[in-house]
Amino acid sequence: MISTVFFGSHHFSTPILQQLIDSGIFDIKLVVTQPARPVGRKQEIQMTGVKTLALKYNIPVEQPASLKDYTLPVSADINIVCKYGLIIPEKILNFAKHGSINSHASLLPKYRGASPIQSVLVHGEKETGVTMMVMDKEMDHGPILAQGKLAINPDENCFELSERLAPLEAELLIKTIPDFIAGKITPQIQNHEEATFCKELTRDDGKIDWNRTATEIYNLYRGMTPWPGIWTEWNGKRLKLLKIAPADMKIETGKLTAKDGHLYMGAGQNTAIEIFELQLEGKTAIDAKGFINGFKTTLSS
RNA sequence: CGCGGGGUAGAGCAACCAGGCAGCUCGCAGGGCCCAUAACCCUGAGGUUCUCGGUUCAAAUCCGAGCCCCGCAA
């Protein structure tokens, strides 16, 4: 068994941790996850899924607010870092005997940073993958141990793609780490010239620029689903578009139009999207038909 | 006490500000038209206007309390 400290916070860190446990080759000594933060309108405190899973297996959990002056209580053979969400100082990275391995959901050196899966979709890429690498002090910068590729389906959204990437990450970790520890893998230095970066997303990243083409907007929709979602302004209110697709129509750019029971919005360069499901600020989500029925007068004016 | 929108027929909305028969689009039921139709025309059913209390001759509407949903923010 390989003694391991697992770092993870994100929703999709949970199934990966589960697979690592199930593989039976890792002895998870400790799980490090971000502190529970207030969530939702009521500011309720909710623990991460990773913590819930760790507790289920009686694995000790640490939740430091900052790692700057933090010292790991246990030293392991290896640290596995998977969507932890905080910068980890070098001394913690090197605290494990064989250092720290990160699984990153892109084909490095492309899409370094906090939102690789979303960004890949927004840019309309046809292919992505996961990369196992040895961590150094710069983000997603260390030498590569292994990569796995995955073709992106044209209508796939971020959640669906994440769901397919997570097991791939887990598989590759399980396959790669024993070989790495045994010295059978030579880490490959990344070609830093080719590196691209992606930032952490905010809700504003989901605001639609209607001068973009329907395809670009559709890619934005895929990347931002389910979070933060895409939205626009309509009659001074925020209008979330929950389900859309490119449409073979010509509509004035930025104009919301109902036609034959369907709802369209004009995009750039004479393209348009059809809206199937949407939600107006303060209202519940409804389908296009209900929206047209209720806002017929407003729409035609 | 973080800010804001909302709860009206099966669905989505209007009427509320300025109290006076609760309306529109869709759906549903029945009928008509048509070679035919998810199209069109006619008719009909369907309401505790979220709950409780208050004001009033009269409350969906004004006042107070509560419950629930949602958009921000974090």
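Keep in mind the model is a prediction, meaning the values are calculated, not measured.
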Fill in: A/F12 and A/F159 aromatic ring geometry - parallel, tilted or perpendicular at 30°/60° bounds
tilted

Worksheet entry | With A/S115 via side chain to side chain contact (heavy atoms under 4.5 Å, CB included) - residues at least two apart | A/Q118, A/S119, A/C198, A/L201

Worksheet item: NZ of A/K237 versus P of B/G4: gap in Å, rounded?
Response: 14 Å

Worksheet item: Which nucleotide, in any strand shown, forms a Watson-Crick or G-U wobble pair with B/U49, with both distances under 3.5 Å?
Response: none

Item to complete: Starting at atom CH2 of A/W234, determine the distance to atom P of B/G71, rounded to an integer number of angstrom.
Response: 17 Å

Worksheet item: B/G2 and B/A15: how far apart are their C1' atoms, nearest whole angstrom?
Response: 33 Å

Worksheet item: A/K296 has an atom NZ; how far is it from atom P of B/A11, in whole Å?
Response: 19 Å

Worksheet item: How long is the line joining CG of A/D287 and C1' of B/G27, in whole Å?
Response: 12 Å

Identify each atom pair where a protein N or O and an N or O of nucleotides 12-14 of chain B are less than 3.5 Å apart, giving names and distance.
residue : atom : partner : partner atom : Å
B/G12   : O2'  : A/G290  : O            : 2.8
B/G12   : N2   : A/N293  : O            : 3.0
B/C13   : O2'  : A/G294  : O            : 2.8

Practice prompt. Return each pair, listed once, that meets side chain to side chain donor-acceptor pair (under 3.5 Å) where at least one residue sits in residues 88-101 of chain A; pairs must be two or more places apart or across chains.
Written response: A/N79-A/S100

Discussion item. Give me the distance, rounded to whole Å, that separates B/G20 from B/A39 when you measure between the P atoms they each carry.
Written reply: 36 Å

Item to complete: Take atom CG of A/N235 and atom P of B/G5, then tell me their distance rounded to the nearest Å.
Response: 17 Å

Discussion item. Give me the distance, rounded to whole Å, that separates B/U8 from B/A59 when you measure between the C1' atoms they each carry.
Written reply: 14 Å

Fill in: Between A/Q147 and A/T131: side-chain donor-acceptor atoms closer than 3.5 Å
yes

Discussion item. Could you tell me how far B/C63 sits from B/A9 if I compare only their C1' atoms? Round to whole Å.
Written reply: 28 Å

Practice prompt. Please identify each residue that fulfils salt bridge (Lys or Arg N to Asp or Glu O under 4.0 Å) with A/R212, with sequence neighbours left out.
Written response: A/E216

Fill in: Short side-chain N/O contact from A/Q279 to OP1 or OP2 of B/C70, under 4.0 Å
no

Fill in: Identified pairing partner of B/C72, criterion: Watson-Crick or G-U wobble below 3.5 Å
B/G2

Fill in: Interatomic distance, A/E281 CD vs B/G71 C1' [rounded to whole Å]
5 Å

Worksheet item: Taking atom P of B/A38 as reference, at what distance in whole Å does atom NZ of A/K259 sit?
Response: 23 Å

Item to complete: Sequence neighbours left out, what pairs pass salt bridge (Lys or Arg N to Asp or Glu O under 4.0 Å) with at least one residue falling in residues 146-169 of chain A?
Response: A/K83-A/E169, A/E156-A/R164

Item to complete: Go ahead and name the base partner of B/C57; Watson-Crick or wobble counts if both distances stay under 3.5 Å, otherwise write none.
Response: B/G20

Practice prompt. Evaluate whether atom CG of A/N235 has more than 12 neighbouring non-hydrogen atoms of other residues, nucleotides or ligands under 6.0 angstrom away.
Written response: yes

Worksheet item: On a whole-Å scale, what distance lies between the C1' atoms belonging to B/A14 and B/A22?
Response: 10 Å

Worksheet entry | Those residues that, when tested against A/E281, pass salt bridge (Lys or Arg N to Asp or Glu O under 4.0 Å) (two or more places apart) | none

Worksheet item: When you compare B/G19 with B/U56, how far apart are their P atoms, in angstrom units rounded to a whole number?
Response: 16 Å

Worksheet item: If we take the P atom in both B/U48 and B/G30, what is their distance in whole Å?
Response: 24 Å

Item to complete: Could you measure between the two C1' atoms, the one in B/A45 and the one in B/C50, and give it in whole Å?
Response: 24 Å

Discussion item. What is the distance, to the nearest angstrom, from the NZ atom on A/K207 to the P atom on B/C72?
Written reply: 13 Å

